S.K.: 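Encoded as structure tokens, here's the structure I'll be asking about.
What you see is a predicted model, and the numbers here were worked out from it, not measured in a lab. Letters go in sequence order (proteins before strands), and every chain restarts at 1.
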Amino acid sequence: MPLAPDEISRQGILTTMSTPERRHSSVPLAVIAPRGEFDLDSLPPLQAQIDTALADHTGVILDASGITFADSMFLRLLLTTHQRTDLRIAAPSETIERLLAVVGADAFLRIYPTVDQAQNT
Amino acid sequence: MPLAPDEISRQGILTTMSTPERRHSSVPLAVIAPRGEFDLDSLPPLQAQIDTALADHTGVILDASGITFADSMFLRLLLTTHQRTDLRIAAPSETIERLLAVVGADAFLRIYPTVDQAQNT
Amino acid sequence: MPLKNAHAGADRRWLEEVITATMRSSAAYQMTSRDIGRARGFVREFLATGQSLHAWTISGRATDIAQLVVSELATNVCKYAPGPCLLDVESDGTMLSITMWDSGAVLPSPSPADPTRVGQHGLELVLAVCQSFELRREAVGKRVTVQIALQDSTDRPTSDQTAR
Amino acid sequence: MPLKNAHAGADRRWLEEVITATMRSSAAYQMTSRDIGRARGFVREFLATGQSLHAWTISGRATDIAQLVVSELATNVCKYAPGPCLLDVESDGTMLSITMWDSGAVLPSPSPADPTRVGQHGLELVLAVCQSFELRREAVGKRVTVQIALQDSTDRPTSDQTAR
Ligand SMILES: Nc1ncnc2c1ncn2[C@@H]1O[C@H](COP(=O)(O)OP(=O)(O)O)[C@@H](O)[C@H]1O
Ligand SMILES: Nc1ncnc2c1ncn2[C@@H]1O[C@H](COP(=O)(O)OP(=O)(O)O)[C@@H](O)[C@H]1O
């Protein structure tokens with residue numbers, strides 16, 4: 001039985017970019033909240049979004065709660081971003097947690113249960 | 001049918017070490033002629049032999065004609081020796097030629113058909 | 001005239017066929033980067049069909065991992081062997097076999113686990129989550145076959161522990 | 001009483017068995033470094049037996065390569081998974097299958113071809129000369145299976161060209 005490729009679940013990138021209010025946090029971090037699946041194909045817009053955020057912020061919080069799939073190309077972007085700035089990953093799904101754990105990147109990447117906790121640390 | 005391990009063809013290292021007469025050659029190179037099979041197990045004596053040769057020679061000619069088998073551990077020794085000194089490989093058998101060709105090391109290692117040619121180049 | 005026993009045998013055989021049913025499906029791609037997501041959709045649909053048609057029990061982890069493996073193999077075709085490729089999936093409800101044929105002659109080499117390295121985590125991830133990994137030269141190109149377990153199991157040494 | 005045809009059938013089957021005979025052999029090692037040479041001797045003897053018993057035609061290159069593959073797999077057991085290991089060889093006279101089981105859980109990762117690198121050429125060599133390469137997790141440890149062609153062939157893309 002030929003199965004039709006499933007296009008429906010591939011979503012565009014919807015993001016909110018905002019400077020969180022400074023509460024306990026001393027640095028203003030951009031928050032981005034990409035949604036959908038991330039692979040070689042969907043990475044350039046995410047890369048551009050991170051670049052834009054870092055133009056006027058000292059770091060970036062990646063709200064990962066809307067990421068339904070990610071592979072090694074996404075991981076690569078996380079690792080290069082972590083090298084160049086203060087990257088905080090918030091609210092990763094089980095899928096993203098597994099991706100980071102399998103290669104051992106969860107040992108040094110900054111991961112928080114919520115965006116709030118990422119902001120106030 | 002259980003097959004008995006074949007020990008017979010594993011030979012010791014018989015070597016001749018000599019400083020070749022200077023003819024056209026301007027540097028005196030040691031000649032070593034190890035015999036038998038070379039792997040993790042048989043490498044330490046060969047390494048020692050090369051070290052001894054290099055103590056009072058500016059380079060070493062490896063007469064490979066008596067080497068009946070060699071694997072990646074032997075290749076590693078060739079590559080490290082090539083990095084530290086003037087290593088010339090003479091009279092390699094088809095087996096050795098293949099080993100070097102498969103990884104592309106034949107492109108930069110110095111290989112000669114005979115010990116004579118290795119001496120006089 | 002069929003004997004009663006023969007009937008019973010046929011019934012049992014039919015039952016076994018349903019229980020041990022093997023499903024196969026194939027898809028061809030030119031493997032542009034948009035095809036990577038399509039290939040993931042293809043394996044997702046395949047597993048969903050197995051669940052509804054054969055009542056396969058598939059863990060959430062297995063569904064994730066199946067898509068990850070397909071995504072990595074498809075990405076590598078894009079990057080290293082652009083052109084036509086063939087994706088075959090097969091399962092009996094226990095093990096999922098994912099095969100990618102591409103036209104490139106060179107066999108891929110997974111990098112050893114190293115979180116400090118920025119790139120080359122694709123096949124490292126595949127090796128870490130798989131039950132088996134096979135490379136095979138073909139008359140034209142090569143095949144990579146990856147098997148993953150569809151049910152989670154604590155005693156089978158899958159992935160996460162061994163990768164670390 | 002057997003019919004003539006049954007006899008003829010049995011004869012034909014016997015003939016086919018001789019022609020398509022599959023030979024298997026296994027050896028267990030603790031894999032100290034001396035065992036590496038013993039393992040090579042084992043596969044050499046296996047191929048020699050196939051030649052004399054079943055008239056297999058085996059190229060000199062194939063005999064070399066079989067020993068190289070065994071040597072690399074055995075060396076890696078020594079280095080990365082010391083302890084008991086099991087070497088299985090099997091052939092029908094066309095393809096030689098070499099399987100090494102060891103007790104280590106981590107799957108090996110062949111390095112990509114790079115002549116400027118001093119080390120890690122072991123599995124690179126194996127990939128370059130093989131027809132197929134398979135890694136499989138077992139309940140304990142893992143198996144590596146390598147297949148090589150016993151006859152040289154110019155049209156099959158074995159090794160040397162593709163490795164470069
Ligand atoms: N389909 C393929 N064809 C040829 N070479 C491949 C293929 N897939 C992977 N490779 C090789 O294997 C290497 C490892 O791949 P991978 O682990 O996915 O890391 P990355 O693609 O990030 O380099 C690649 O760098 C490439 O040289
Ligand atoms: N039997 C094994 N068990 C566990 N890891 C292995 C095994 N064989 C190889 N490896 C891993 O794969 C890597 C590549 O092996 P190889 O290409 O033979 O190069 P080298 O042994 O020179 O490093 C090794 O560095 C090791 O990390």
Side-chain angles (χ1 to χ4, degrees), chain B residues 1-13 34-47 50 64 67-85 87 89 92-111, chain D residues 23-27 29 31-49 53 60-61 63-65 67-79 89 111 113-129 158-164:
Chain B
M1 106 220 51
L3 299 172
D6 171 8
E7 285 290 289
I8 298 143
S9 66
R10 291 178 55 78
Q11 299 165 25
I13 302 172
R35 303 187 69 77
E37 306 187 8
F38 288 87
D39 60 13
L40 179 68
D41 186 38
S42 45
L43 278 188
L46 180 56
Q47 174 76 69
I50 290 173
I67 299 181
T68 53
F69 173 85
D71 65 16
S72 68
M73 298 311 294
F74 174 79
L75 177 66
R76 181 191 200 104
L77 179 54
L78 290 192
L79 295 174
T80 53
T81 306
H82 172 76
Q83 280 187 343
R84 65 192 269 231
T85 190
L87 168 70
I89 299 159
S93 64
E94 221 180 289
T95 308
I96 303 298
E97 273 188 339
R98 187 179 304 116
L99 181 78
L100 303 180
V102 168
V103 299
D106 57 347
F108 57 88
L109 288 177
R110 296 172 195 185
I111 304 169
Chain D
M23 252 174 65
R24 276 195 200 82
S25 195
S26 298
Y29 300 96
M31 216 36 99
T32 60
S33 67
R34 292 237 48 187
D35 285 332
I36 300 171
R38 291 197 184 99
R40 283 196 304 273
F42 175 73
V43 75
R44 217 160 42 219
E45 286 292 331
F46 178 81
L47 293 178
T49 306
L53 228 64
R61 179 176 177 282
T63 306
D64 270 9
I65 282 176
Q67 293 181 72
L68 182 63
V69 168
V70 167
S71 206
E72 299 300 345
L73 298 185
T75 301
N76 283 352
V77 176
C78 263
K79 286 159 69 177
V89 290
S111 298
D114 176 4
T116 64
R117 186 182 57 227
V118 161
Q120 301 195 317
H121 290 292
L123 294 178
E124 175 195 339
L125 280 164
V126 172
L127 278 200
V129 301
T158 34
S159 71
D160 302 11
Q161 314 101 280
T162 51
R164 305 297 291 279

S.K.: On a heavy-atom basis, which atom in D:G37 and which in B:D39 lie closest, and how many Å separate them?
M.R.: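 So the two residues come closest at N-OD2, 3.8 Å.
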
S.K.: Do you know which of D:Q67, D:E72, D:K79 has the most heavy-atom pairs under 4.5 Å to chain B?
M.R.: D:E72

S.K.: What parts of residues 77-85 of chain B touch chain D if we use heavy atoms and a cut-off under 4.5 Å?
M.R.: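 Against chain D, the residues of residues 77-85 of chain B that fall inside the cut-off (heavy atoms, under 4.5 Å) are B:L79, B:T80, B:Q83.
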
S.K.: Say you draw a straight line from CG of B:L99 to CG of D:L68; how long is it, rounded to the nearest 0.5 Å?
M.R.: 6.5 Å

S.K.: For the interface with chain B, which of D:D35, D:D64, D:V43 has the highest count of heavy-atom pairs at distances below 4.5 Å?
M.R.: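 Highest number of heavy-atom pairs under 4.5 Å: D:D64.
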
S.K.: Of the non-hydrogen atoms in D:P115 and B:F108, which two are nearest, and what is the gap between them?
M.R.: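 For D:P115 versus B:F108, the nearest heavy atoms are O-CZ, 3.3 Å.
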
S.K.: Can you confirm whether B:S72 sits close enough to D:T75 that some side-chain heavy atom of one is under 4.5 Å from a side-chain heavy atom of the other?
M.R.: no

S.K.: How many angstroms lie between CG in B:L40 and CD1 in D:I36, if you round to the nearest 0.5 Å?
M.R.: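 B:L40 CG to D:I36 CD1: 4.5 Å, rounded to 0.5 Å.
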
S.K.: Using 0.5 Å steps for rounding, measure from the CZ atom of D:R40 to the CG atom of B:D71.
M.R.: 6.5 Å

